[in-house]
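Worksheet: one structure, shown below.
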Amino acid sequence: MSGFKSDFLRTLSERGFIHQISDESGLDTLFQKEIVTGYIGFDPTASSLHVGGLIQIMMLHWMQQTGHRPVALMGGGTGMVGDPSFKDEARQLMTPETIENNIAGIKRCFSQYLTFGDGPKDAIMVNNADWLRDLNYLEFLRDVGRHFSVNRMLSFDSVKQRLDREQSLSFLEFNYMILQAYDFVELHQRFDVKLQMGGSDQWGNIVNGIDLGHRMLDAQFYALTSPLLTTASGAKMGKSMSGAVWLNADLVSPYDFWQYWRNTEDADVERFLKLYTTLPLNEIARLSALGGTEINETKKILATEVTALLHGRKAAEEAKQAAEAFFEKGATTESLPTVDLLKADWEKRSAQVIAFATGLFSSKSEMRRKFAEGAIRINGEIIKDPDTKLPYSEIESETGAFRVQFGKKRIVLVRPV
RNA sequence: GGAGGAGUGCCCGAGUGGUUAAAGGGGACGGACUGUAAAUCCGUUGGCUUAGCCUACGUUGGUUCGAAUCCAACCUCCUCCA
């Protein structure tokens with residue numbers, strides 16, 4: 001599999017991005033011969049991408065790095081339908097407003113990974129709403145629909161499970177793969193796109209686009225999919241302490257993002273370095289060879305590199321320093337998140353009022369349980385009774401605040417103002 | 001259009017009139033052990049003004065001292081028949 005001659009495929013192959021390719025040697029030749037334009041579609045199902053989508057962005061990144069032209073396609077049109085691939089049931093339909101908002105949120109992170117512009121190797125961002133929204137139904141059926149065999153579409157794995165389980169697949173959803181196939185053709189005509197990439201769950205959709213390219217344009221398209229990523233212990237990528245690990249900083253701070261990568265399982269470190277950083281492979285090999293406790297240093301490098309790509313080197317270094325200060329020097333003050341609490345009537349403040357102000361708890365009931373479990377410390381002492389009174393005079397002198405610690409990893413300063 | 005089946009907490013899934021805020025599992029969170037890892041073990045897992053109160057088993061009404069459990073209508077999905 002590693003016999004690729006083109007820089008792009010060799011890089012992807014060596015770094016573990018490749019799951020399946022429609023025509024390996026043909027695509028390899030193409031990449032040696034010309035500047036290839038390839039695309040990946042992103043569905044606007046949330047206002048930010050999360051870690052699971054990072055691998056797709058990295059593929060576009062490497063495409064540009066090896067001298068080709070990546071296209072990031074926003075699914076403003078296909079988002080109106082919703083991809084049924086490997087889904088048990090239909091998603092709730094999104095309103096056009098939601099879709100627009102989500103696209104606005106998703107767009108933001110791309111500029112960190114890709115250079116956009118008008119040059120031959122500059123990345124392009126487009127929205128398939130531009131051509132899908134105004135399609136004429138009858139024309140579309142006659143021009144595009146006639147090329148699809150329902151028999152064949154029903155045979156794809158992506159919908160088979162749904163059918164086997166006797167869950168309904170609405171006609172609306174069934175059209176998704178047709179629209180995605182049509183995107184491929186449209187992008188070919190607009191930008192000379194010849195390659196579509198995506199997660200392995202997109203294989204069926206992409207192959208449909210290749211077929212449509214044959215039939216409508218007599219053109220040769222290619223498919224390349226990445227493996228579906230799980231952690232070594234089998235969990236899906238992208239979940240953590242506080243839910244999904246989003247890429248947008250307003251949803252997951254650089255510090256928390258850094259923490260996510262710092263907590264990578266040992267067995268995943270090398271794989272993740274290859275996939276999510278741009279460090280050279282020999283460097284990765286060296287770092288991954290470290291065993292035992294030393295692997296923790298490698299994890300820090302992983303975290304810093306991944307965070308630097310997304311949020312910039314400066315934010316990554318700050319996250320690293322904050323983490324080191326917290327976990328290794330035990331100390332603190334600087335850079336701890338701080339919330340303000342009104343000083344008025346302070347003598348009535350109890351532990352639970354102060355703790356709840358941190359925002360670490362999703363409900364007061366949850367917080368009370370955590371008190372009972374001994375999971376909460378204030379100013380270093382475990383407090384089990386949430387009604388414990390904490391007079392203003394017990395403020396911590398160095399910080400001028402109450403130091404609320406929840407579990408081992410989270411501290412928030414509550415400062416009376 | 002006709003006949004039958006299903007809809008339970010974040011997810012899966014038990015429960016078929018009362019000690020049911022609802023078994024069990026997964027996930028998540030907290031604790032122990034460690035290396036801010038994995039594995040393992042223990043605990044927690046609707047909300048609130050928490051000796052109590054409120055809201056919850058598709059929706060709305062009804063029967064009953066009392067319903068997730070019975071009845072009616074409606075909604076959604078599945079199967080078979082036309």
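Reminder, nothing fancy here: chain letters follow the sequence lines and each chain counts from 1. Side chains included, hydrogens not; waters and symmetry mates left out as well; all remaining heavy atoms used.
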**Message:** Mind checking if A:Ala323 touches a base, just sugar-phosphate, or nothing, with heavy atoms under 4.0 Å?
**Reply:** base
**Prompt:** Any side-chain N or O of A:Ser363 less than 4.0 Å from the OP1 or OP2 oxygen of B:C48?
**Reply:** yes
**Asked** Are A:Asp28 and A:Lys5 close enough for a salt bridge, meaning some N to O gap below 4.0 Å?
**Response** no
**Item:** Pair A:Glu297 + A:Lys300: basic N to acidic O under 4.0 Å
**Value:** yes
**Rounded P spacing from B:G43 to B:U49 in Å** = 28 Å
**Request:** Provide, to the nearest angstrom, the distance between the CZ atom belonging to A:Phe406 and the P atom belonging to B:U45.
**Result:** 14 Å
**Request:** Using only heavy-atom distances, decide whether a donor-acceptor pair under 3.5 angstrom links the side-chain of A:Lys320 to the base of B:U36.
**Result:** no
**Request:** Please state how far atom CG in A:Asp266 lies from atom C1' in B:U36, giving the value in whole angstrom units.
**Result:** 12 Å
**Request:** Evaluate whether atom NZ of A:Lys389 has more than 12 neighbouring non-hydrogen atoms of other residues, nucleotides or ligands under 6.0 angstrom away.
**Result:** yes
**Message:** With rounding to the closest Å, how many angstrom separate the P atoms on B:G26 and B:A39?
**Reply:** 13 Å
**Item:** Pairing of A:Glu100 and A:Arg133 as salt bridge, 4.0 angstrom limit
**Value:** yes
**Asked** Salt bridge between A:Arg369 and A:Glu366, side-chain N to carboxylate O under 4.0 Å?
**Response** no
**Prompt:** Expressed in whole Å, how much space separates the P atoms belonging to B:C12 and B:G5?
**Reply:** 23 Å
**Request:** Among the candidates B:U34, B:U44, B:A37, find the nucleotide nearest to the side-chain atoms of A:Lys408.
**Result:** B:U34
**Asked** Which value, in whole Å, describes the distance between the P atoms of nucleotides B:A28 and B:U19?
**Response** 32 Å
**Rounded distance in Å - CZ (A:Phe361) to P (B:G47)** = 13 Å
**Message:** Counting C-beta onward and ignoring hydrogens, is there a side-chain heavy-atom pair between A:Glu305 and A:Ile301 closer than 4.5 Å?
**Reply:** yes
**Asked** So does A:Asp256 pair up with A:Arg262, basic N to acidic O under 4.0 Å?
**Response** no
**Item:** Length of the line joining A:Ile301:CD1 and B:U36:P, which is rounded to integer Å
**Value:** 17 Å
**Request:** Pick the P atom in B:A68 and in B:A23, then give their distance to the nearest Å.
**Result:** 15 Å
**Asked** Going by an N to O cut-off under 4.0 Å, is there a salt bridge joining A:Lys384 and A:Glu373?
**Response** no
**Prompt:** Just checking A:Ile376: base, sugar-phosphate only, or nothing, at a heavy-atom cut-off of under 4.0 Å?
**Reply:** nothing
**Prompt:** Want to settle it: does A:Arg377 or A:Thr293 sit nearer the 5' end of RNA chain B, counting the closest nucleotide to each?
**Reply:** A:Arg377
**Prompt:** Across the strands shown, which category fits A:Lys364 at heavy-atom distances under 4.0 angstrom: base, sugar-phosphate, nothing?
**Reply:** sugar-phosphate
**Message:** Show the nearest heavy-atom pair for residues A:Lys107 and A:Met125, with the distance to one decimal.
**Reply:** CG-SD, 3.3 Å
**Item:** Distance, P atom - from B:C77 to B:A82, rounded to whole angstrom
**Value:** 23 Å
**Nearest-Å distance for atom pair CG/P, residues A:Leu360 and B:G30** = 10 Å
**Prompt:** Should A:Leu73 and A:Phe42 count as side-chain neighbours, where that means a heavy-atom distance under 4.5 Å?
**Reply:** no
**Asked** What is the distance from CG of A:Leu172 to P of B:C77, rounded to the nearest Å?
**Response** 13 Å
**Request:** Among the candidates B:G35, B:G30, B:U36, find the nucleotide nearest to the side-chain atoms of A:Arg410.
**Result:** B:G30
**Request:** Anything below 3.5 Å on both distances counts as a pair; with that, list the stems of at least three consecutive Watson-Crick or G-U pairs involving RNA chain B.
**Result:** B:1-7 with B:75-81, B:10-12 with B:24-26, B:27-32 with B:40-45, B:46-48 with B:52-54, B:58-62 with B:70-74
**Asked** Given atom CE of A:Met367 and atom P of B:U50, what is their separation to the nearest angstrom?
**Response** 11 Å
**Item:** A:Glu366 (side chain) and B:U45 (base): donor-acceptor pair under 3.5 Å
**Value:** no
**Polar pair under 3.5 Å, donor/acceptor by atom type, side chain A:Arg369, base B:U45** = no
**Message:** Under 4.0 Å, counting only non-hydrogen atoms across every strand here, what does A:Gln259 touch: a base, just sugar-phosphate, or nothing?
**Reply:** base
**d(CD, A:Glu294; P, B:U34) in whole Å** = 20 Å
**Item:** Phosphate OP1/OP2 of B:G46: any A:Ser365 side-chain N/O under 4.0 Å
**Value:** no
**Request:** For B:G47 and B:G1, measure between their P atoms and round to the nearest Å.
**Result:** 44 Å
**Asked** Is any side-chain nitrogen or oxygen of A:Arg368 closer than 4.0 Å to OP1 or OP2 of B:U49?
**Response** yes
**Prompt:** OP1 or OP2 of B:A37 less than 4.0 angstrom from a side-chain nitrogen or oxygen of A:Lys409, does that happen here?
**Reply:** yes
**Request:** Nearest-nucleotide wise, let me know which of A:Gln352 and A:Lys370 is further upstream toward the 5' end of RNA chain B.
**Result:** A:Lys370
**Spacing of the P atoms in B:U20 and B:G46 (rounded, Å)** = 15 Å
**Message:** Any side-chain N or O of A:Lys300 below 4.0 angstrom from OP1/OP2 of B:U36?
**Reply:** no
**Complete:** Closest of B:C29, B:G35, B:U36 to the A:Arg262 side chain is B:U36
